[in-house]
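Being a predicted model, the structure only gives us computed values, none of them experimental. In what follows, every heavy atom counts, from backbone to side chain, and hydrogens, waters and symmetry copies are set aside. Naming convention: chains lettered A, B, ... in sequence-line order (proteins, then strands); numbering from 1 in each chain.
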Amino acid sequence: MATSAVHWTVNSSDTKRPIFFSPSFRQIAPKKFNISCRSAKSPPKSPPDLAEPAAATTKKTKNKDPSLSLSEQLRPLTTTTLSDPPPPKDQSQLISKPKSIWVNPAKPKRSVLSLQRQKRSLYSYNPQVRDLRGFAHKLNDCDATKVAFLAVLEEIPHPPTRENALLILNSLKPWQKTHMFFNWVKSQNLFPMETIFYNVTMKSLRFGRQFQLIEELAEEMIRDDIELDNITYSTIITCAKRSKLFDKAVEWFERMYKTGLMPDEVTYSAILDVYAKLGKVEEVLSLYERGRASGWKPDPIAFAVLGKMFGEAGDYDGIRYVLQEMAALGVEPNLVVYNTLLEAMGKAGKPGLARSLFEEMVEAGLTPNEKTLTALVKIYGKARWARDALELWERMRSNKWPMDFILYNTLLNMCADLGLEDEAKKLFDDMKQSEHCRPDSWSYTAMLNIYGSGGKVDEAMELFEEMSELGIELNVMGCTCLIQGLGKAKRFGDMVRVFGVAVEKGVKPDDRLCGCLLSVVSLCEETEDEDRVLSCLQQANPKLVTLVKVLQNKNIGFDTIKDEFRDVIGSTAVESRRPFCNCLIDICRNKNNHERAHELLYLGTLYGLYPGLHNKTAREWCLDVRSLSIGAAHTALEEWMGTLYKIVQREEALPEMFSAQTGSGTHKFSQGLSHSFGSHVKKLAAPFRQSEEKAGCFVATREDLVSWAQSQAPSSAITTA
DNA sequence: GTAGGGTTAG
């Protein structure tokens with residue numbers, strides 16, 4: 001056994017423990033990463049080797065036997081992590097030595113990263129800096145053709161010595177210019193091209209996402225025996241990452257190890273981010289730990305990477321782990337870390353904790369920036385925390401915290417989420433008067449959302465005209481909001497016109513827009529209007545129109561309906577399936593075609609569009625219609641009453657309580673499902689009454705229900721399936 | 001845009 005190998009496993013007999021095995025870590029170990037599953041009992045058969053420990057005197061360290069790639073090295077870890085048996089129960093040592101550090105002078109552990117960050121060379125002052133900068137600007141401004149560039153190069157004010165060339169190279173902006181200048185300097189053969197020239201050029205190429213060129217330069221360095229250092233590798237890796245070429249990023253990291261170069265913390269956190277972006281949480285954590293075991297004290301950037309990763313996974317335990325690690329290591333979170341963690345808290349669905357974290361940040365003396373506030377506003381909006389959102393807005397204004405147009409738009413979206421029409425209008429006007437935050441397509445969309453759902457059709461149409469005048473693009477969501485508002489106001493003519501303009505301008509109708517058009521169909525009273533709306537829908541989704549027509553043909557049998565329905569729903573985006581079914585039911589009910597409505601509800605249930613519609617416990621049966629349209633909710637109620645009637649007739653067991661949930665419609669613009677459902681209960685003379693404690697909840701006892709059923713004539717009017 | 005790493009919108 002290679003005892004000098006990097007620690008793959010935790011030996012329960014070890015007296016020295018890495019800090020990450022502290023009890024606090026165990027309490028909050030992130031999901032899917034149970035370190036305790038690793039045991040010394042079954043280490044990999046041939047523990048892989050990484051590099052030698054860094055020698056204090058050398059800048060970089062070579063690996064004597066770099067035979068295994070990183071992924072090969074990681075594989076045993078990831079395959080054993082989940083399959084190994086849990087460790088022995090005796091954890092008393094862990095608890096008694098939470099702060100011990102993974103360093104045993106008698107048996108030094110292999111390092112996975114160099115603790116010394118690569119030093120940069122120092123610049124000496126160049127007295128010609130002004131001339132050279134000016135010249136670089138000339139090169140930046142000239143035509144990007146080779147001819148034009150070479151013509152300007154003739155005017156170089158001082159000879160292109162190493163220092164002069166480097167200064168110019170550093171001042172060039174578009175990657176094409178940097179690349180041309182680099183090639184020119186190389187062709188002059190005045191001095192050997194050192195690593196720094198490649199690094200500067202690569203950085204510029206990275207701005208242009210020119211990964212292929214960067215890779216060519218790297219290969220050229222290898223060919224010409226020019227050293228690739230940590231700066232070279234981190235630039236290559238991050239360029240690949242930003243171009244979403246993750247396999248390339250990993251490949252170059254592995255190549256680096258194979259040449260024996262140790263990553264420093266910059267390269268190391270770059271690769272952590274690569275694995276994080278790939279969603280490889282276990283790999284990231286094993287790299288993190290092994291870095292920690294090498295004596296690395298991660299900096300805020302590394303923690304931002306971890307925080308982002310856990311946020312993307314919605315993993316709240318992971319977020320707590322990051323906070324805990326920072327506290328244990330005495331690393332103060334900076335603004336970016338706070339921003340990342342706030343965002344992560346939002347994604348993990350923890351608005352209250354996000355709020356506390358924000359207050360902690362402000363108390364620590366940090367000033368929130370646009371990104372901080374955007375994250376928080378979004379969280380409050382999604383949580384429907386109107387009071388917190390408005391208080392925050394007030395604080396933003398009084399503290400003069402920074403605003404940008406993304407924050408403005410997020411505030412507008414928050415207003416739409418909360419139905420804050422006046423506030424939205426004020427924000428929108430602020431934007432119009434501002435210099436740098438003029439309303440864009442997003443802002444208009446948010447306003448169309450607010451006006452469309454708030455029934456302010458004239459205001460919405462005014463914005464629509466304004467957009468045309470200002471040349472602001474109407475996107476599919478704005479179009480949907482507008483059509484929704486116009487449909488509700490029964491302004492079918494305007495609706496058809498808006499749809500036509502939108503399609504003409506390139507809006508591609510999606511399933512949400514089709515669902516919206518379908519809901520407008522359900523609102524039509526005149527055949528003429530219905531035909532106009534259907535003709536729009538015909539352009540967007542002809543199969544859906546066919547289904548609407550088939551449903552209205554009473555001669556067509558259930559099996560055909562079922563086939564057509566399955567066909568349409570199967571090719572519909574998942575989030576639009578239930579709305580489609582709801583609208584189809586509404587359309588049938590409006591045409592007094594109740595039988596079809598019941599068939600559709602049956603089909604919707606059959607294909608899983610209404611999960612959780614019925615909830616049964618021994619004590620209570622509940623009908624939850626909160627995600628149903630009015631027509632669908634009525635249909636479901638009728639269906640339920642029919643079923644309950646039969647159960648009573650058959651004298652089967654019944655619970656004590658029955659309830660129907662419609663929701664109370666906290667949203668200002670909600671349709672009043674509760675009210676309409678209540679009317680339908682009355683119409684059916686169903687024994688439910690509105691609960692006094694809970695709005696949007698209708699309740700009945702077993703006795704109510706039994707006496708109701710007994711009072712019904714056997715040929716009850718209630719439709720039963 | 002200091003030769004290299006991390007954060008904002010349906």
Side-chain angles (χ1 to χ4, degrees), chain A residues 113 117-123 136 140 166-167 169-175 178 194-208 214 228-239 241-242 249 253 263-274 276-277 298-309 311-312 322 333-344 346 368-379 381-382 402-414 416-417 440-443 445-446 448-449 475-478 480-481 510 512 575:
Chain A
L113 84 166
R117 196 186 279 216
Q118 185 183 319
K119 294 269 184 298
R120 299 182 191 207
S121 53
L122 291 169
Y123 277 109
N140 281 336
L166 202 50
L167 209 153
L169 199 62
N170 256 313
S171 314
L172 291 173
K173 238 174 205 170
W175 62 268
T178 319
E194 298 161 35
T195 305
I196 190 169
F197 283 86
Y198 282 89
N199 289 349
V200 174
T201 306
M202 282 184 180
K203 186 186 173 185
S204 179
L205 290 170
R206 192 184 60 176
F207 280 112
I214 286 185
L228 283 80
D229 61 14
N230 259 286
I231 298 179
T232 321
Y233 281 109
S234 57
T235 311
I236 298 170
I237 289 166
T238 52
C239 180
K241 183 179 71 186
R242 290 177 198 184
F253 186 58
D264 66 6
E265 71 169 333
V266 175
T267 315
Y268 205 69
S269 52
I271 203 70
L272 279 183
D273 194 35
V274 170
K277 296 255 165 358
D299 65 0
I301 293 181
F303 286 118
V305 168
L306 293 184
K308 170 101 182 173
M309 171 181 78
E312 291 300 320
V322 174
N334 64 14
L335 187 56
V336 175
V337 172
Y338 272 116
N339 290 352
T340 308
L341 291 175
L342 281 171
E343 180 92 356
N369 68 6
E370 297 88 336
K371 290 173 186 174
T372 323
L373 299 165
T374 299
L376 209 53
V377 167
K378 203 173 126 192
I379 289 168
K382 291 284 161 259
M403 294 278 282
D404 65 2
F405 74 103
I406 294 182
L407 179 52
Y408 263 115
N409 285 343
T410 308
L411 280 164
L412 284 176
N413 281 328
M414 180 269 288
D417 281 335
D440 66 352
S441 172
W442 287 69
S443 328
T445 304
L448 288 174
N449 187 2
N475 59 28
V476 67
M477 185 180 168
T480 305
C481 294
D510 59 6
R512 286 184 196 215
E575 76 273 8

(message) Under 4.0 Å from OP1 or OP2 of B:dA9: is there any side-chain N or O of A:K371 that close?
(response) no
Nearest-nucleotide pick for [X], side chain only, options being [options]:
X: A:Q118; options: B:dA9, B:dG5, B:dA3; value: B:dA3
X: A:P300; options: B:dG6, B:dG10, B:dA3; value: B:dG6
X: A:V336; options: B:dA3, B:dT7, B:dG5; value: B:dT7
X: A:K382; options: B:dA3, B:dG10, B:dG6; value: B:dG10
X: A:S204; options: B:dG1, B:dA3, B:dG6; value: B:dG1
X: A:F207; options: B:dG1, B:dA3, B:dG5; value: B:dG1
X: A:T340; options: B:dT7, B:dG6, B:dA3; value: B:dT7
X: A:I231; options: B:dG1, B:dT7, B:dA3; value: B:dA3
X: A:N199; options: B:dG10, B:dA3, B:dT7; value: B:dA3
X: A:K277; options: B:dG6, B:dG10, B:dG5; value: B:dG6

Rounded to the nearest Å, what distance is computed from the [atom1] atom of residue [X] to the [atom2] atom of nucleotide [N]?
X: A:N449; N: B:dA9; atom1: CG; atom2: P; result: 18 Å
X: A:L306; N: B:dG5; atom1: CG; atom2: P; result: 18 Å
X: A:I237; N: B:dG5; atom1: CD1; atom2: C1'; result: 10 Å

Spell out yes or no: do the side chain of [X] and the base of [N] have one donor N/O and one acceptor N/O closer than 3.5 Å?
X: A:N334; N: B:dG6; result: yes
X: A:R206; N: B:dG1; result: no
X: A:N339; N: B:dG6; result: no

Scan [X] against the nucleic acid and name what it touches under 4.0 Å (heavy atoms): base, sugar-phosphate only, or nothing.
X: A:R117; result: base
X: A:K173; result: base
X: A:T232; result: nothing
X: A:S269; result: base
X: A:N413; result: nothing
X: A:N170; result: sugar-phosphate
X: A:T372; result: nothing
X: A:Y408; result: nothing

Quick one, [X] and [Y] - any side-chain contact, counting heavy atoms below 4.5 Å?
X: A:F405; Y: A:N409; result: yes
X: A:V266; Y: A:N230; result: no
X: A:F197; Y: A:L169; result: yes

- request: Test side chain to side chain contact (heavy atoms under 4.5 Å, CB included) on A:E312 and A:K277 and set out the steps.
  value: CA-CA 9 Å; A:E312 291 300 320; A:K277 296 255 165 358; over 6 Å; no
- Is the aromatic ring of A:W442 within stacking range of B:dG10, meaning centres under 5.5 angstrom and planes under 30 degrees? yes
Looking only at side chains, do A:T235 and A:R206 share a donor and an acceptor under 3.5 Å apart? no
| query | B:dG1 and B:dT7: how far apart are their P atoms, nearest whole angstrom? | reply | 15 Å
Handout entry: Pairwise P distance, B:dT2 and B:dG6 [rounded to whole Å]
Key = 14 Å
Only residue of A:V274, A:V337, A:D273 satisfying side-chain contact (heavy atoms from CB on, under 4.5 Å) with A:V305 is A:D273
List the steps, then state whether side chain to side chain donor-acceptor pair (under 3.5 Å) holds for A:T410 with A:N413.
CA-CA 5 Å; A:T410 308; A:N413 281 328; 5.6 Å; no
